[in-house]
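A short write-up of the structure that comes next.
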Amino acid sequence: MATDQIEVDIKVPNQTRYLCLIGHIGENVARALKHYSGDREKLAYDLNLVLTEAMANAITHANEGDPEKKVHIEIAIVDQQLALRVYDHGQGFDISQFDLPHKPLAEHGRGVYIIHTVMDEVEYRPTDDGHVLEMKKNL
Amino acid sequence: MATDQIEVDIKVPNQTRYLCLIGHIGENVARALKHYSGDREKLAYDLNLVLTEAMANAITHANEGDPEKKVHIEIAIVDQQLALRVYDHGQGFDISQFDLPHKPLAEHGRGVYIIHTVMDEVEYRPTDDGHVLEMKKNL
Amino acid sequence: YLMNLQIDDKGSAILMQVQEERLDAHNSGELKTQMLKLFEDGKSNLVVDLSDVRFVDSSGLGALVSGFKNASSRNGSLKLSGLQMQVKSMFELTRLHRVFEIYNDAEEALGSF
Amino acid sequence: YLMNLQIDDKGSAILMQVQEERLDAHNSGELKTQMLKLFEDGKSNLVVDLSDVRFVDSSGLGALVSGFKNASSRNGSLKLSGLQMQVKSMFELTRLHRVFEIYNDAEEALGSF
Ligand SMILES: Nc1ncnc2c1ncn2[C@@H]1O[C@H](COP(=O)(O)OP(=O)(O)O)[C@@H](O)[C@H]1O
Ligand SMILES: Nc1ncnc2c1ncn2[C@@H]1O[C@H](COP(=O)(O)OP(=O)(O)O)[C@@H](O)[C@H]1O
């Protein structure tokens, strides 16, 4: 039986008002999967969550709120592995510094930790004009 | 004030089970628009509808239900004009034959009529490996 | 499995409740099949309740038209109930609101037989 | 306009109802601002009711932690109510369920002051 082969590629302005669009598309993809034996609504929440976290980081930390910049997001499913990619136009950062649990009463710094907890593989690497955060999950 | 600039590009298997994913993404785009003074929920329904109609036609009439083929869909908003494009891998058809209301009790033949009624501009033209139905609406 | 469809014999007519958010090209064939089974069983008075349905496309409308014609040709009738506002608009857009008897809820529709 | 927020003085505490599907990086700043206003007005006992909220991200959690710390430093407290299951999971994932007092509904939370 053929596995799900879904590719979604999205470009939106560098504004937090579009977080909800991206998150909802992640939810829709989870709900449309043909082959998934886990808790679909949990997967939907998790994809919504990590897309929201990664895109919010791209907007605030990398693209520095410049509303003329664009955020580029890819969702791809191949051979029962789901890959999410969020491209930014920034200088990059050392992601290995942020994968441990934050201090209990910190107001910031939970995003990358959450992404690591929810996804199976996380990689942050340079591109031609910025960086990409790639997050993979085995379905 | 910058207008909405949103691009969504989707590839899914040639199966009707993904109609709902595409339709929901259309709804989400309508709900995320920054500048729209009309009835947003009506626009959401209409985009869901025309994407569903066009994709169902690509699957059943052009790609002839071959589940190995892919359907490619684009949603783009530029300068307050929304364009939807549904690509098929078929021989094409004469769309001008189908833009009038169907017979009242026909079981088929309402799809293209609905698309014409809901959208402002509709064009069907050849591509390298099939055809594309382009549907535009001024926002 | 393509469609959650609840079918009950209510005496005066058969009540079919489409328990899906969408009635579209993916699942409308299943509705048609189930209606054909009822016709083969000699039933010809149907109420299709759409109160759970938020979205219907042209193939969903086509399935209902097919049932309507089959019921009429058997001297019965197919009536609709529970149309949400945007679903009702689809019947108006395609002029099908002039074809179907449409009731607010299933009880009213059943009472009309 | 970034957030539908209903604020009522209930005597024992201020009830803030977040009437949004999402509490995220787009609107959590607005919640923080409204809490700061209450603190400046001398209020320090707050109940934030999340029963309408289906989704919260790390910045939403951050806004609540900020309010919690501000309330505590004023010898008041910020309590939560009405968490949907998946929202509650977010508090567990980040261990924040050990920080906040969490009640089933706003009435219970208000009664605890
Ligand atoms: N795309 C990015 N570009 C540059 N820096 C980033 C990016 N994403 C995250 N960071 C850095 O990593 C830190 C931790 O991120 P995160 O865990 O999401 O918490 P928060 O965004 O709340 O600070 C951020 O404060 C920022 O310094
Ligand atoms: N993408 C397509 N490729 C080939 N033929 C098509 C395509 N879309 C529509 N058609 C033709 O146009 C006719 C009318 O389409 P439509 O109005 O959607 O009604 P229906 O799909 O119910 O027949 C179809 O029956 C088919 O012959």
Side-chain angles (χ1 to χ4, degrees), chain A residues 1-36 40-41 43-44 47-48 51-52 55 59 63 65-80 82-87 89, chain B residues 1-36 40-41 43-44 47-48 51-52 55 59 63 65-80 82-87 89:
Chain A
M1 207 187 294
T3 57
D4 285 292
Q5 297 247 353
I6 301 178
E7 281 173 61
V8 187
D9 187 299
I10 315 158
K11 295 197 186 76
V12 290
N14 188 49
Q15 297 167 30
T16 54
R17 77 185 317 278
Y18 299 102
L19 287 174
C20 141
L21 172 62
I22 306 304
H24 281 154
I25 292 178
E27 285 191 326
N28 290 334
V29 168
R31 293 190 183 125
L33 289 181
K34 193 165 183 169
H35 304 283
Y36 187 68
R40 229 170 245 276
E41 282 308 306
L43 181 68
L47 300 191
N48 188 345
L51 286 167
T52 300
M55 180 168 158
I59 294 172
N63 303 346
D66 179 349
E68 294 304 306
K69 286 190 175 145
K70 288 270 190 149
V71 187
H72 176 194
I73 284 125
E74 285 176 358
I75 304 174
I77 298 168
V78 181
D79 292 337
Q80 289 299 94
L82 172 105
L84 308 175
R85 282 179 283 271
V86 176
Y87 295 82
H89 301 290
Chain B
M1 208 189 294
T3 56
D4 285 291
Q5 297 246 355
I6 301 178
E7 280 173 62
V8 187
D9 187 299
I10 314 158
K11 295 197 186 76
V12 290
N14 189 49
Q15 298 167 30
T16 54
R17 76 184 317 276
Y18 298 103
L19 288 173
C20 140
L21 172 62
I22 306 305
H24 282 154
I25 291 178
E27 284 191 326
N28 290 334
V29 168
R31 294 189 183 126
L33 290 180
K34 192 165 185 168
H35 304 283
Y36 187 70
R40 230 170 244 277
E41 283 307 306
L43 181 67
L47 300 191
N48 187 346
L51 285 167
T52 299
M55 179 168 158
I59 293 172
N63 303 347
D66 179 350
E68 293 304 306
K69 285 189 175 147
K70 288 269 191 151
V71 187
H72 175 195
I73 285 129
E74 286 176 357
I75 305 174
I77 298 168
V78 181
D79 293 338
Q80 289 299 96
L82 172 105
L84 307 175
R85 283 180 283 272
V86 176
Y87 295 82
H89 300 289

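Every chain is numbered from 1 and lettered A, B, ... according to where its sequence line falls, protein lines coming before strand lines. Computed from a predicted model, the values in this text were never measured in an experiment.
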Between A:V29 and B:L21 the two heavy atoms that sit nearest each other are N-CD1, 3.7 Å

Review point. Would you call A:H24 and B:R31 a side-chain contact if the rule is heavy atoms closer than 4.5 Å?
Key: no

Counting heavy-atom pairs under 4.5 Å with chain A, the top scorer among B:I73, B:I25, B:N28 is B:N28

Closest heavy-atom pair, B:P13 versus A:Q5, reported as atoms and distance to 0.1 Å, is CD-O, 3.0 Å

Partner of B:D9 under side-chain contact (heavy atoms from CB on, under 4.5 Å), picked from A:D9, A:V8, A:I10, is A:D9

What one should report as the nearest heavy-atom pair of A:V12 and B:I6 is CG1-CG2, 4.1 Å

Shortest non-hydrogen pair, B:Q15 vs A:K34, comes out as OE1-NZ, 2.8 Å

Hits for side-chain contact (heavy atoms from CB on, under 4.5 Å) against B:R40, two or more places apart or cross-chain, chain-then-number order -> B:L33, B:Y36

